[in-house]
Structures are given as structure tokens and as C-alpha cells.
Amino acid sequence: MASYDADIRPLFRERDRGAMRSHFDLWSYDDVKANADAILGQLAAGSMPCDGAWPDEQVELFRAWLADGTPA
């Protein structure tokens with residue numbers, strides 16, 4: 001089972017955090033958890049991060065984390 005600290009947080013680069021900082025903090029568990037559905041939608045659509053889509057494996061890891069109840 002994926003956890004935010006070990007598996008999800010490291011997927012977000014400093015550049016990604018800066019790009020989204022005006023909306024929420026990608027390095028904050030609470031912020032990512034609260035916006036997880038919207039984040040997944042953007043990741044799955046390939047529009048996040050803004051400089052290129054994540055590989056399918058990373059999108060699926062985020063999807064699995066969400067399905068597992070967003071463990072910290």
C-alpha cells in the first residue's frame with residue numbers, strides 16, 4: 001500500500017510545487033488529500049505537471065493511493 005510520505009510526496013518536484021502553490025501545496029499531505037480527485041483528473045489527462053505528463057505507472061500509483069484511502 002502506498003503512503004503519501006514514502007511514495008506520493010516524492011513524485012512532486014519543487015517545480016511542480018511552485019507552479020501550484022497559489023492553489024495548494026503539493027508537499028502538504030492535507031492539501032493533496034483535500035484535492036486528490038482534482039489532482040488525479042489532471043494527472044490522468046496529462047495536463048499536470050505542466051511540463052509533461054507523468055508516466056502511466058506514476059498516475060496509477062497516485063490512483064491506487066487514492067483508492068486505498070490516502071494513507072499518510
From CA spacing to verdict: salt bridge (Lys or Arg N to Asp or Glu O under 4.0 Å), R21, D31: CA-CA 10 Å; R21 191 72 183 209; D31 282 6; over 6 Å; no
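- The shortest non-hydrogen separation linking A2 to P71 is O-CG, 3.0 Å.
- Within the structure, the side chain to side chain donor-acceptor pair (under 3.5 Å) test picks out the following pairs touching residues 52-67 (sequence neighbours left out): E60-R63.
- Taking the side-chain hydrogen bond (donor to acceptor under 3.5 Å, both in side chains) definition, one finds that S47 meets it with Q42, sequence neighbours left out.
- Using modelled atom types, one side-chain atom of D7 and one backbone atom of S3 make a donor-acceptor pair closer than 3.5 Å.
- Legend: ring pair (Phe, Tyr, Trp, His ring centres under 6.0 Å) pairs involving residues 17-50, not counting sequence neighbours, sorted by first then second residue: Y4-Y29.
- Contact check for R15 versus P49: no side-chain heavy atoms found under the 4.5 Å cut-off.
- Here the closest non-hydrogen pair linking D37 and L66 is OD1-CD2, 3.3 Å.
- Comment: D30 does not engage K33 in a salt bridge, judged by the lack of any side-chain N to carboxylate O separation of less than 4.0 angstrom.
- Judged by distance alone, with hydrogens and angles left aside, the side-chain atoms of D16 form no donor-acceptor pair with the main-chain N or O of F12 at under 3.5 Å.
- Using a 4.5 Å cut-off on side-chain heavy atoms (C-beta onward), I39 and L26 make contact.
- What you find for R9 and D5 is that their closest heavy atoms are CB-O, 4.3 Å.
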